[in-house]
Structures are given as structure tokens and as C-alpha cells.
Amino acid sequence: MTTSTFRTTDPTEGVRRPGRWLALSVLVLAVLLVAVDATVLGLATPFLSEDLEPTGTQLLWIGDVYSFVIAGLLVSMGSLGDRIGRKKLLLIGATAFGAVSVLNAYATSPETMIVARALLGVAGATLMPSTLALIRNLFHDPRERSLAIGIWGAMASAGAAVGPVVGGFLLEHFWWGSVFLINLPVMAVLVLVGVRLIPESKNPNPGPWDLPSVALSLVGMIGVVYAIKELASHGPSLDAGLAALAGAGALTWFVRRQLTLPAPLLDMRLFRHRGFSGAVLADLLTILGLSGLVFFLSQFFQLVQGRQPLEAGLAELPAAIGAVTAGLIAGVAARRFSVRSVVTAGLAAVGLSLAVLTTLDQHTGYPLLGAALLVVGVGAGFAFTVTADVILSSVPKEQAGSASAVSETAYELGAALGIAVLGSIVTGVYRGFTVPAGVPADVASAAHESLGGAVEASASLAPQTAAALVSAGQEAFVDGLRIAAGVGAAVLLATAVAAWFLLKGQKLADGIEH
């Protein structure tokens, strides 16, 4: 079924709004920052580990609680934007994002850092669906909208890969908190310019904002993701089982409630359509592969291959270049060939690149790694941009915020799962390494928490013993990375096959809607 089945008509939609491209440039600032914040922490991890001394579990929470909270709140915030106004929600969220960034920068303990990252996630959840929904209402020509979504997707992907470069530069000249303070001037520009340039839009008949649905969405998403993370890290446990039951129960209740409400937070009937569901699934798993790879290669470049932070960030730049290039031409490619062929090819490219990384070792040369990152970026750029376009153009513009939230939930949940699931595999394998003889018990315990911990703890040992400890830790980390890459490859290749069938007959719109 094509996307036109769901689309309403509006005689004003043929009008090309003046200043729309300038407004778009402001919107992508928000996207860029939220995406940068999701990955910039990867490079700062060794410095943060040294300063705050988190446990391995706390380190994973610091890394992924931001994405978990965003994923849990996106549907609610997308629906809130439809009701109170997307521009208003965007400006409130941008102000809060800047303020909470200061709290992140000056955190003094792992617990404070986890809370600060969670609050940053709350603010981030107001930004992402608002930007995509505003694009839906700024661009009524489907071809222009495809290009605008391509630019939006390119900035999201670029942010994920540029984050390490910006972070690397700051970490070589300032302390780790500086990676958060860069948010302040950008958010100030967004608010000051956005007030004048961005038009307000909202659903004219939104209905009430259902608070029980908000709570069910948040509890359900965080419960399920927490269970997955715990299961992958520590195996079956009572905590993981209870979290899974609570999360699944809350999400089931959420779905049932949406089907009975006259004005639901999210219209679940959209998922009955094969193309819409296929686009959401492809969206989620594309980002899972990309984010998991970028997060752990940051540590590999620094802690295994000994690169400086800026050099490590620059080493990941091919992923950004590939994603930006593919995002800008994705709409044209999908119209010339087909939605399903472009998405399937993109997913397969990411999967095959991850498969190549199963050959990784401590001395793998950069040409292979750079080529793999470039192909991952190209594949993710094609798949993510086309699926976002399919999702957004599948609904009436009054529901643009809710549809954007679906796309963004898939993005953020994919990022969280990429770090949680693949990260838990890396951590689980890493913790099994054998400590060399002569290493004190307290040093061995610190070394087993994380590779950064092993490097830090080795400073108190004799040079020969320290070298042996770090080498053993690096070997175990690479073993875990190879296994995680293999799991990611299998998931992405299976998704490519599924997308070929689920997206059959799906098309992007061509003419201006009247």
C-alpha cells in the first residue's frame, strides 16, 4: 500500500512558504546537538572514568540512560507538540537542554552524572519530534520535503560521527565537562533565531493530553530496555525478569489504551500497514548497528590503538561523510529505483561492514577500518533517510508530531539498544580475561570493570606487569568487539531481508499535495 492512502488533502499545501530553507537551517542545529550529545561521551569515557571512578555498570548507564529517557518520552513529547504547538515545545526544550548541559559538565559523582544525563534526555525528547514535525509543515512539495528530510537525517548522522571529532578537540585542550558546555551557544542561537523564523504549527483539534498514557509509555520503554541490558550483561536474573514483565505489561496497556481513546497519544492503527511497520523496524535496526559501532570504535582507537582523542574522532569521520552524502541523494534514489531496494541495500551495507569487523585485531590498519566506517555511513544514510520520509509522509499533517515521534523513538531506541546490547556483549567478554600473575586483587578488580579502568589501575604496577595487564585487557576487549560486530551483522542482514518483503510496493509521493 502506498503512503497516499493515509494522506489528507489541504488546498494550502501547494504554497511554498518563504524562508523555509532558512528555518530548516535553524531546526537542524537542534538535531545536530542532540545527536552529538549521544556520541560525544564515547571519547570522554576514559577521562570521565579517571575523574569520577564509575563501576562498569555505572559507566554503561552514563552512556545509555540519555537515549533510554529520550526513547521513553518521545511519543509523549511528539503528541504534546501537536497539542500546545511544536515551535513552543522546541524553544522550551532548547532552553532546558542548555541549562541541564551545565549540570552535566560539573557533575562530581557517577550518580550525579547519571541523573544529569537522564534530565538531558528529558530535554532532548522535546527537540527531536518537534524538528521533524515542523519540516512536515514547512515543506508541502514532496520532493522538497524529501530533500529537507535528507538534510535533517544527514545532520543527525553527521552529529553522531562529528561528536567524536568535536569531543576529541575539546578533550585535548580542556577538561571532559567541556563537551557539554558547547551546547550553550548553539542553543542560544536556536532560541533567538527560531523565535523569528520558525512558524508555529499544531493540531487544530488535538484532544486532551492523556497523562496515564505518558506514564505507561515511559515505564514500558525503560522497563523493556533495562531488562535487555541486564540480561545481556549478567544473564537471567530476578531484576531483569521483573523489569521485562513490568515493561511489557505497561506497553501492552499503553497500546490497548490508545485503541480506545478518541484522541490517542499515538494512533496504533498506523502499524497495521506493512510499509509503515517495515520502515519503523528498518529505522531502529539501522541506528542500532551504526551507534554501537561508533561508540565502541571510539574506545578501540584510543585504548587499544593508542590514538589521541582528536585523532580518534577524525578516524571516525568517514561514517559522517558517507551518511551526509547518502542522505542528500536518498530521496532521488528511492524514486528512481524503489523504496525497498534503497532501504534493503542500505541495511545490507551496514550488515556487511559489521561482518568485516569480525576480522578485527589490535593491529588492524586504518584503511580497512576507514572503509568499513564509510560503507556503514552510506548504508545508514540511505536507509534512515528513506524510512523517515516514509513514516512522516504516511500520516495527515495534523499528526506530524506523533509520526515524527515514532521515527525518533526508533532512532533513539536503536541507539540505546546498540550501546546496551552490543556493549553488554563487549563488557561480558572483557570481564572474563585472565589477570597476569603478580597483580594485586584490588588492581585486578578495577581492571575487570572496564578497559579504561585497566589502563588507569596499571599505573601503580611495575612497568612489565603493567604492560602485561593492559595487553591482556586490550585483547579481551577486541575479542568482545569482534563478537558484538558479528551479532550486529546478523541482525542487520536479517533486517535487510525482512525490509525487502515489508516495503514491497511502498513509494514516496511525487506531486505537490492539493
Side-chain angles (χ1 to χ4, degrees), residues 42-43 45-46 49 54-57 59-60 63-64 228-236 288-307 312 315-316 350-373 376 417-439 443-458 461 464-493:
L43 275 180
T45 295
S49 297
T55 65
T57 301
L59 197 59
L60 274 178
D64 58 30
I228 292 170
K229 189 177 83 69
E230 285 296 298
L231 196 62
S233 290
H234 309 297
L288 183 150
L290 177 66
S291 64
L293 177 67
V294 168
F295 186 80
F296 291 102
L297 276 184
S298 289
Q299 296 179 58
F300 173 82
F301 283 134
Q302 287 183 89
L303 298 175
V304 176
Q305 295 199 330
R307 299 173 194 265
E316 295 189 340
V350 178
L352 291 172
S353 296
L354 289 173
V356 168
L357 293 181
T358 59
T359 66
L360 195 69
D361 64 38
Q362 290 163 267
H363 308 291
T364 298
Y366 183 71
L368 177 65
L369 293 169
L373 282 163
V376 164
L417 288 173
I419 294 171
V421 176
L422 300 183
S424 298
I425 293 170
V426 174
T427 302
V429 173
Y430 171 79
R431 285 178 174 164
F433 83 90
T434 303
V435 175
V439 175
V443 175
S445 176
H448 274 129
E449 286 294 334
S450 68
L451 183 54
V455 173
E456 177 67 19
S458 68
L461 303 175
Q464 191 171 353
T465 308
L469 175 63
V470 171
S471 179
Q474 289 173 335
E475 191 174 331
F477 182 85
V478 173
D479 286 343
L481 194 54
R482 280 198 298 263
I483 294 171
V487 171
V491 170
L492 267 295
L493 291 172

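Note that this is a predicted model, so its numbers are computed, not measured. Note that these values count all heavy atoms, side chains included, but never hydrogens, waters or copies made by symmetry.
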How would you list all residue pairs meeting salt bridge (Lys or Arg N to Asp or Glu O under 4.0 Å) that involve residues 355-364, not counting sequence neighbours?
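The answer is none; no pair qualifies.
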Can you tell me how far the CG atom of Leu368 sits from the CG atom of Leu373, to the nearest 0.5 Å?
9.5 Å
Straight-line distance of Glu475 CD to Tyr430 OH, nearest 0.5 Å
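Rounded to the nearest 0.5 Å, the CD-OH separation comes to 12.0 Å.
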Side chains of [X] and [Y]: closer than 4.5 Å at any heavy-atom pair?
| X | Y | answer |
| --- | --- | --- |
| Leu357 | Leu369 | yes |
| Val478 | Gln474 | no |
| Leu303 | Phe477 | no |

Looking only at heavy atoms, what is the nearest atom pair of [X] and [Y], with distance?
| X | Y | result |
| --- | --- | --- |
| Phe433 | Ala472 | CD1-CB, 3.8 Å |
| Val376 | Ser353 | CG2-CB, 3.3 Å |
| Ala476 | Val429 | O-CG1, 3.9 Å |
| Gln362 | Val304 | CG-CG1, 3.7 Å |
| Val435 | Ala444 | CG2-CB, 3.9 Å |
| Ala466 | Ser458 | CB-O, 3.3 Å |

Going by ring-ring contact (aromatic ring centres under 6.0 Å, His included), name the residues that satisfy it together with Phe301, two or more places apart in sequence or in a different chain.
none
Checking side chain to side chain contact (heavy atoms under 4.5 Å, CB included) for the pair Phe300/Leu360: CA distance, chi angles, key distance, verdict?
CA-CA 10 Å; Phe300 173 82; Leu360 195 69; 4.0 Å; yes
